[in-house]
Amino acid sequence: MSRRHVPALAAFPWLGAGLLLIGGVVLYPVYELVRASLSRYSITGLRLGDAGIDNYLRVLKQPALGSVLANTAIWVFGVTALTVAISLALAQFLAKEFPGRRVVRWSVIVPWAASLVITGRLFTLIYDYYHGILNRLLMDLHLTSRPIDFLGDDRWTVPSMIAVGVFASVPFSTYVLLAGLNGIPGDVFEAARIDGAGAWTTYRAVTLPLLRPALVVTVVLNIIYLFNSFPIIWTLNERNPGFTHDTTITFMYKLAFKSAEHDVGQAAAGGIFNVLLILVAVVAYLRAVKWQEAGT
């Protein structure tokens with residue numbers, strides 16, 4: 001064995017734990033998902049044999065697929081856009097010096113640290129038609145004369161879920177953008193002031209371009225997270241029958257455990273489609289923002 005191969009082999013013991021973790025947590029579940037998507041299962045979950053691409057075809061023939069994809073697009077785009085806009089403002093505010101800044105920064109991270117199921121349940125109580133504090137506040141302020149069924153009225157269900165998604169997503173996004181702001185040299189802003197640039201011009205022409213790497217990371221992670229965001233959607237939407245307000249992730253769960261067929265294979269095929277949709281969305285975004293330039 002040549003000497004140049006010795007350092008490479010010597011590195012394997014140090015990489016072994018990480019490789020085993022990747023294999024057990026990522027590669028093996030992917031293999032099982034693909035295998036399940038190509039299999040037939042009984043209503044009790046027993047594998048009956050190969051199904052070929054039948055499960056994929058059956059998913060594509062689902063009557064509710066169109067509305068599920070529309071809900072997913074609205075959910076992902078709506079939460080991501082609002083999260084980024086709010087996080088940019090919060091990050092800009094938290095980057096400034098002011099009394100109690102440390103306490104404010106700690107408080108911002110609390111919604112992200114809480115369990116998403118707990119967050120969902122909390123907003124279920126806030127949105128409650130009869131006893132929810134939000135309805136009480138709106139009526140006390142005379143903004144509405146009667147309670148609003150935030151989670152039962154089709155006009156309000158998706159916007160209400162988006163609001164909770166933004167609430168849960170803003171803390172992480174804020175801290176990513178805050179880290180990006182802190183990484184911008186102060187000399188750049190000083191040079192802009194010397195050149196006579198105002199606050200808005202400095203933010204648009206200096207701050208935002210230098211924040212591009214942090215913005216790319218924020219948007220990509222939010223897209224991936226929101227496509228797979230099961231707890232919030234399920235907790236808020238579990239009382240509604242059918243697939244009217246479901247996204248792809250809850251749609252798959254219902255196919256496997258809530259539909260009359262209890263079809264694990266079809267749900268697994270839906271999972272493959274969900275991964276492909278995430279890849280398409282991420283690649284489309286990266287191409288749109290020319291991510292190579294974001295790192296320069």
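Just so you know, these numbers come straight off a predicted model, no measurement behind them.
Proximity of I74 to I162: side-chain heavy atoms (C-beta onward) are separated by under 4.5 Å at one or more points. At a threshold of 4.5 Å between non-hydrogen side-chain atoms, the residues T83 and Y225 do not count as touching. A heavy-atom distance below 4.5 Å is not found between the side chains of P111 and T119. With a 4.5 Å cut-off on side-chain heavy atoms, Q92 and L177 do not count as touching. The shortest side-chain heavy-atom distance between F251 and T72 does not fall under the 4.5 Å cut-off. Side-chain atoms of V79 and S169, non-hydrogen and from C-beta on, do get closer than 4.5 Å to each other.
A donor-acceptor contact shorter than 3.5 Å is absent between the side chain of S229 and the backbone of L226. Side chain of N135 to backbone of I148: a donor-acceptor contact under 3.5 angstrom is found.
In this structure, F167 has its ring center closer than 6.0 angstrom to the ring center of F123.
More than 12 heavy atoms of other residues, nucleotides or ligands sit less than 6.0 Å from atom CD1 of I109. For CH2 of W112, the number of neighbouring non-hydrogen atoms (other residues, nucleotides, ligands) closer than 6.0 Å is 12 at most. Annotation for F230: atom CZ counts as buried by contact number, over 12 foreign heavy atoms lying within 6.0 Å. Other residues, nucleotides and ligands contribute at most 12 non-hydrogen atoms within 6.0 Å of the CZ atom of R136.
The salt bridge (charged side-chain N to carboxylate O under 4.0 Å, His left out) test applied to D50 returns R47, not counting sequence neighbours. Remark: R58 pairs with E261, D263 by the salt bridge (charged side-chain N to carboxylate O under 4.0 Å, His left out) rule, at least two apart or across chains. Residues satisfying the salt bridge (charged side-chain N to carboxylate O under 4.0 Å, His left out) test with R35, not counting sequence neighbours, are E32.
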Kindly determine whether T247 and M161 satisfy side-chain contact (heavy atoms from CB on, under 4.5 Å), including the steps that lead there.
-> CA-CA 11 Å; T247 62; M161 293 193 299; 5.9 Å; no
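Using a 30° and 60° split on the angle between ring planes, F98 and F93 fall in the parallel class, below 30°.
Here CD1 of I233 is found 9.0 Å from CG of N71. Values are rounded to the nearest 0.5 Å. Within the model, atoms OG of S173 and CG of L82 stand 11.5 Å from one another, a figure rounded to the nearest 0.5 Å. Here the CG-CG distance, from L143 to L138, works out to 5.5 Å after rounding to the nearest 0.5 Å.
T248 and N274 form a side-chain donor-acceptor contact under 3.5 Å, judged by distance and modelled atom types alone.
Residue Y130 shares its hydrophobic cluster (ILVMFWY side chains chained together at separations under 4.5 Å) with Y129.
Applying the salt bridge (charged side-chain N to carboxylate O under 4.0 Å, His left out) definition to pairs two or more places apart or across chains, those involving residues 117-131 are R121-E238. Residue pairs meeting the salt bridge (charged side-chain N to carboxylate O under 4.0 Å, His left out) criterion with at least one member in residues 245-257, sequence neighbours excluded, are D246-K254.
Linking Ile, Leu, Val, Met, Phe, Trp and Tyr whenever their side-chain heavy atoms come within less than 4.5 Å puts I272 and I53 in one cluster.
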